[in-house]
Amino acid sequence: MAISVSISHITPITLFYLLLLLVLSSTITTTTTSALNITSILSSFQNLTSFSSLLCSTSVAPDLTRRDPVTLLAVPNSYLSTSPSSDLTRRLPPSSLGDILRYHVLLQYFSWSDLRQIPPSGVLVTTLLQTTGRVHSNFGAVNITRDSLTNSITIQSPAPFSPSNVTVLSLIKTLPYNITILAVDSLLVPYDFNLLASETRPPLGLNITKALIDGHNFNVAASMLAASGVVDEFEADEGGAGITLFVPTDDAFGDLPGNVKLQSLPADKKAVVLKFHVLHSYYPLGSLESIVNPVQPTLATEDNGAGSFTLNISRLNGSVAIDTGIVQASVTQTVFDQNPVAIFGVSKVLLPREIFGRDSAGVTSKPGNAVVGTTVQPPETSPSPENSAGFSGPASHLSSPPGFREEITSKGGRYRMQSCIVTICCIGLVLVEIMKEKPCRIMAVKFLP
């Protein structure tokens, strides 16, 4: 049996719309899947090599791949090598210097024209430092002001009479509506930032396995960490921004549902599960309780891509709750908390939904049965910078006039929405063209012996 197909005449205008539809679809896909590689972008600018090296040595560069949109305040080599910036880079350890660099990452996209429209009263913007929970009040935000006479742009802490401020020198690069890189004349220091705190830090090189064994209730976790080898990677990260480990108790491992085959996972997936219990920053208990951005990436996120293997951390019934999407655990005790390492005992093994969700390889379940003892909840979304706690308080009068900040932050979303509208219009026009054709057989199927 053979099939022959005849297609009706398609007008040139119809073909044009179809091609336009394909181009727009490709553009949308590229826009939504691209990731920022900040070091690659900075590598083409020879006057920013020192600043790029600082981003890498302090482990801030990986954090930027998970942020979009951002505006980066970069310090050129000539300004970074002079005081006071040179004093900071020479004296501070990577942990403190990393937090200062996070203060240079604004969690909003600003084009050059956006900056020229900033009112003299200023615009308050959240930085990456605010999301760490290691700053008081809204001191992790910056206030951007514009001199109406000279059009010069100044950025400083929202605290009154802040001693540290920088001036925008020029626009380095912009990728609408994902990232803008601005050159500034100095490193910006957050208000009330304790530059001496890092000097009292304990010597690096904490033996995490020994600390867990000394805790007397974490023998299973200590054994798994030692056997997998990932503990060496954890200890190597102590010298950067620090780390925070959530370690299940022995009872938590004993309470795992029978259909969760943790020990039978391949070595690579088992390592991912262990990394899922670690944040790539130091968070004391107080910071966890008041964390600004509840959706936190883990070390597993860095290996598997932005948006995956995240933990939702919140305060619930007087304790810190950790939600993976299928398991909700709580912090039960502090095992170790000394900058730059925090280790907390948790009531359940944190099972990532990417591995242990329904129909995943890590779970063997009978038809109709969910994982016992777990609760499936939709992942929560991170609050926008405008709704974060950092924007309440005495500096709120510095906020932009109604509608200005919303106009800036929504450009990326509006661009994608406009693309979708154009796509829908194209589809409609194609249908109109087809309807205008004279009645004919669009497809004829002939069966041949």
Side-chain angles (χ1 to χ4, degrees), residues 202-239 241-258 260-289 291 296 298-301 303 309-313 316 318-324 326-352 355-356 362 371-374:
L204 300 178
L206 172 70
N207 188 320
I208 294 176
T209 304
K210 182 178 183 302
L212 293 177
I213 294 175
D214 292 343
H216 303 296
N217 195 25
F218 304 96
N219 296 305
V220 176
S223 176
M224 290 185 64
L225 286 173
S228 65
V230 295
V231 69
D232 296 331
E233 182 178 339
F234 297 170
E235 292 173 353
D237 283 342
E238 295 173 13
I243 55 173
T244 301
L245 289 84
F246 301 113
V247 185
T249 62
D250 291 339
D251 290 340
F253 282 101
D255 290 340
L256 278 173
V260 175
K261 307 299 182 183
L262 184 59
Q263 292 294 344
S264 63
L265 286 177
D268 57 339
K269 283 194 174 181
K270 194 179 296 182
V272 170
V273 174
L274 293 173
K275 291 181 179 181
F276 185 59
H277 288 70
V278 183
L279 305 182
H280 200 174
S281 287
Y282 165 70
Y283 290 96
L285 185 59
S287 295
L288 287 177
E289 292 174 339
I291 199 164
Q296 287 290 315
T298 64
L299 290 189
T301 306
D303 295 337
F309 293 93
T310 59
L311 295 174
N312 194 305
I313 302 174
L316 181 65
S319 63
V320 176
I322 305 172
D323 193 347
T324 73
I326 59 175
V327 170
Q328 188 172 79
S330 59
V331 172
T332 58
Q333 68 182 96
T334 300
V335 182
F336 184 91
D337 186 356
Q338 203 170 14
N339 195 354
V341 180
I343 304 176
F344 301 104
V346 292
S347 60
K348 291 184 180 180
V349 179
L350 305 180
L351 303 177
I355 295 179
F356 293 97
V371 178
V372 179
T374 62

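For clarity, every value in this text was computed on a predicted model and none was experimentally measured. Along the sequence shown, residues carry numbers from 1.
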List the steps and the verdict of side-chain contact (heavy atoms from CB on, under 4.5 Å) for Phe246 and Leu311. CA-CA 11 Å; Phe246 301 113; Leu311 295 174; 4.1 Å; yes
Between Leu279 and Ile313, is the side-chain contact (heavy atoms from CB on, under 4.5 Å) condition met? List the steps. CA-CA 11 Å; Leu279 305 182; Ile313 302 174; 3.8 Å; yes
Check the pair Leu262, Met224 against side-chain contact (heavy atoms from CB on, under 4.5 Å), reporting the backbone distance first and the verdict last. CA-CA 11 Å; Leu262 184 59; Met224 290 185 64; 4.1 Å; yes
Pair Val278-Thr244, side-chain contact (heavy atoms from CB on, under 4.5 Å): steps then yes or no: CA-CA 6 Å; Val278 183; Thr244 301; over 6 Å; no
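Listed here is the closest heavy atom pair of Phe309 and Ala300: CB-CB, 3.8 Å. Summarising the geometry of Leu274 relative to Ser228, their closest heavy-atom pair is CD1-OG, 3.2 Å, with the distance given to 0.1 Å. Across all non-hydrogen atoms, the minimal contact from Phe276 to Leu351 is CE2-C, 3.9 Å. Here the closest heavy-atom approach between residue Val320 and residue Leu288 is recorded as CG2-CB, 4.1 Å.
Applying the side-chain contact (heavy atoms from CB on, under 4.5 Å) test to Thr310 and every residue at least two apart in sequence or in another chain returns Val295, Thr301, Arg353. Under the rule for a side-chain contact (heavy atoms from CB on, under 4.5 Å), the partners of Thr332 that lie at least two apart in sequence or sit in another chain are Thr249, Ser330, Ser347. In terms of the side-chain contact (heavy atoms from CB on, under 4.5 Å) criterion, residue partners of Ser264 (sequence neighbours excluded) are, by chain and number, Lys261. Listed by chain and residue number, Val230 satisfy the side-chain contact (heavy atoms from CB on, under 4.5 Å) test with Ala271 (two or more places apart in sequence, or in another chain). Partners of Lys275 according to the side chain to side chain donor-acceptor pair (under 3.5 Å) rule, which considers only residues two or more places apart in sequence or in another chain, are Glu233, Asp303. Partners of Asp214 according to the salt bridge (Lys or Arg N to Asp or Glu O under 4.0 Å) rule, which considers only residues two or more places apart in sequence or in another chain, are Lys210.
Counting heavy atoms from C-beta outward, Val335 and Phe344 have side chains that stay 4.5 Å or more apart. Using a 4.5 Å heavy-atom threshold, the side chains of Ile243 and Tyr283 count as separate. Residues Val349 and Phe253 are in side-chain contact: their nearest non-hydrogen atoms beyond the backbone lie under 4.5 Å apart. Residues Val341 and Phe234 are not in side-chain contact: their nearest non-hydrogen atoms beyond the backbone lie 4.5 Å or more apart.
Separating the OG atom in Ser223 from the CG atom in Leu212 is a distance of 11.0 Å, to the nearest 0.5 Å.
Among Thr209, Val247, Ile343, the single residue meeting the side-chain contact (heavy atoms from CB on, under 4.5 Å) criterion with Phe218 is Val247. Partner of Gln328 under the side-chain contact (heavy atoms from CB on, under 4.5 Å) criterion, chosen from Asn312, Ile322, Leu316: Leu316.
The backbone N or O of Leu350 sits less than 3.5 Å from a side-chain atom of His277, completing a donor-acceptor pair. The backbone N or O of Ile326 sits less than 3.5 Å from a side-chain atom of Thr324, completing a donor-acceptor pair.
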